[in-house]
Amino acid sequence: MTSYPGVPGLIETKEALGETTLVVDPSRLVEACRYLRDEEGFNFLSDIAPADYLGWGEQEVAGYVGTATGRDLNEPSTQGLARVPDHKPTRFSVSYHLLRVADEPARVRVQVWLDDGEPVASVIPVWPAADWFEREAFDMMGVPFEGHPNLVRILMPEDWEGHPLRKDYPLGGEPVRFSDED
Amino acid sequence: MALAPKRIYAGSRIPKRVPTILDVDPEKHAFDDVLTVNFGPNHPSTHGVLRLVVDLDGETVVGIRAVIGYLHTGFEKNMEAKSWWKSVTYAPRIDYVAFQANELVYVLAIEKLLGMEVPRRATWARMALTELTRIHSHLIWLGTSALELGAISLLWYTFDDRDTILDLFEMAGGTRMHTRYFQVGGLAEDLPPGFVPEARKFCRQMPKSVDEYEAILDRNAIWLERTKGIGLLSAEDALALGQSGPMLRASGVDWDLRKVTPYLFYDQVDFDVPVYFNGDVYDRYKVHMDEMRQSVRIVEQCLDRLEETEGEAWIADDRKVVLPPRHELQTSMESLIHHFKIVTEGYTVPEGEVYVVIESPRGEAGCYLVSDGGPRPWRVHFRAPSFAALQATATVVQDCLVADLIAVAGSLDPVMGDADR
């Protein structure tokens, strides 16, 4: 098992399916990233992937029908879960996938857990590549990145309402335009 | 792995305020005539619907901002609403030029969550088709990039070879693009008889074609003039901006995931990784040309192995995940039940999260998946190499002329379906 005990703000190291996940205190994320870049050689930010866990293991969430103890077998297109999925600490996770471009290549996932609207510091000072990845995470999930110099929508139109990849955003949902309200 | 021995330029050129926006010098704005031009999104030379907002001082580019999202189709959201089984169909449509590569990374990620072993014949077939996709993607890149710089004839030649590749895909999967031929567990069908001889014919022809393309371009004064020494990107800046694939290798970084962290059977085949050191448009072109030759080498070795494994299984024998053979549905009740369950509800995938990365024609293509143990993916996210490549726009266009902008933007090899998803 590869471990990085010196990472500032490290809460937990998880090892699953051959991948290492470092759960980090959101308030010390930039510190942790800088440490991983400078001391451990992770010079390449591969991806920033946010995930919304609203309704994780619960009943009747968008695209999901289940009960507190698993999915309801009698509902159409659902299947009983073998077990209730592990509890998640907060609604959102943001995963930073790092890569070491060097003679000993390695990958690591740095993960922070956030509540709705809870800001996290931008890692652009560590890897400039974070610019668009953070804008995408903001656009799709509504994660506010503090200190980002240009945090505007990137994939959706500028005046779009809502964050489409959230679990409470319906599939195919869009605000009604050209109605006679205003 | 070695960084470039050569300095392409001193220091970093990444813009300071926002890494992806080149701001106009305020003094220049005040005293000179700076013209802001909207380039795209509907412009034939932007490889799709890329919009560049360009500030020009005369003919020199002094400011630039790339705007994307015009081809956003919500693939990730759609995939999360479908069962694992059905969502495979979406993956190749994301990067519609390197379709098999996207299909591969998605299928590999699901298989990693399932902990599934794939038969070796299927893996060799996957490698052969993925490398054919690489040649296909590079041919389109070459044809369209040369077309934009005035070499119209090349487009017809490259599309001719591309058509041969599409015929091979049609033979294997029944469709020319977006084959959905890779299935969790292996392939949708075995390769048909006659595929290997036809693919061999292509492998004999392709290196000659690459030589011909180089004969057209390599000593063409206009081509050299318009590609050499422009669109510079240093190795350090490329890494900082998350560049991968040909972009990185043209800047002198010897980095190819097929070599450094081999997946499939890439550790069992011989091939070289082309690396160039000038970091300009010309070197990116050279990397693409050499990679096509190397891909032909890999395809040839895969075809040898496909001949050896003739008649072996092409899909894993796991009835909880893989559809039973069609003929069994008439005779076996269990097979009929399995078929019904997989098609209606879909198979379940154990809880967990994975991030799987492969070397697509455009570089590091990743797939992040979260499963809650049910029949649908909880979260699907793709790391698109084109999205990352476009972040370098503001760095590579510095000091170039508006006419060079087309050559430079083209050399980033963006596919807008991939960037916008």
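Convention: sequence-line order gives letters A, B, ...; per-chain numbering from 1. Since we're looking at a predicted model, the values are computed, not measured.
Side-chain atoms of B/Ile68 and A/Trp132, non-hydrogen and from C-beta on, do get closer than 4.5 Å to each other. No side-chain heavy atom of B/Lys77 sits less than 4.5 Å from a side-chain heavy atom of A/Met140. With contacts defined as side-chain heavy-atom distances shorter than 4.5 Å, the pair A/His97/B/His381 does not qualify. For the pair B/Val370/A/Tyr53, a side-chain contact is recorded, criterion being any heavy-atom separation below 4.5 Å from C-beta on. Counting only heavy atoms from C-beta outward, the side chains of A/Pro50 and B/Arg379 approach each other to under 4.5 Å. A heavy-atom distance below 4.5 Å is found between the side chains of A/Ser46 and B/Tyr355. Using a 4.5 Å heavy-atom threshold, the side chains of B/Arg17 and A/Asn150 count as separate. Between B/Tyr70 and A/Leu155, the closest side-chain pair of non-hydrogen atoms is not below 4.5 Å.
The existence of a salt bridge linking A/Arg107 and B/Glu364 is confirmed by a sub-4.0 Å separation between a basic side-chain nitrogen and an acidic carboxylate oxygen.
A/Leu45 touches chain B through its backbone: at least one of N, CA, C or O sits under 4.5 Å from a heavy atom, while the side chain does not. No part of A/Glu104 comes within reach of chain B, as not one of its non-hydrogen atoms sits under 4.5 angstrom from that chain.
Separating the CZ atom in A/Phe44 from the CD atom in B/Gln243 is a distance of 7.5 Å, to the nearest 0.5 Å.
Ring geometry for B/Phe387 versus A/Phe133: interplanar angle of 30 to 60°, hence tilted.
In plain terms, the two heavy atoms of B/Glu353 and A/Ser95 that are nearest each other are OE1-OG, 4.3 Å. In terms of heavy atoms, B/Gly242 sits closest to A/Ala129 at N-CB, 3.6 Å.
Comparing B/Arg421, B/Lys82, B/Arg383, B/His72 by heavy-atom pairs within less than 4.5 Å of chain A, the highest count is held by B/Arg383. Note on A/His148, A/Glu136, A/Arg153: by heavy-atom pairs under 4.5 Å with chain B, the leading option is A/Glu136. Contact tally against chain A (heavy-atom pairs below 4.5 Å) for B/Pro19, B/Gly366, B/Ala419, B/Ala392: the top residue is B/Pro19.
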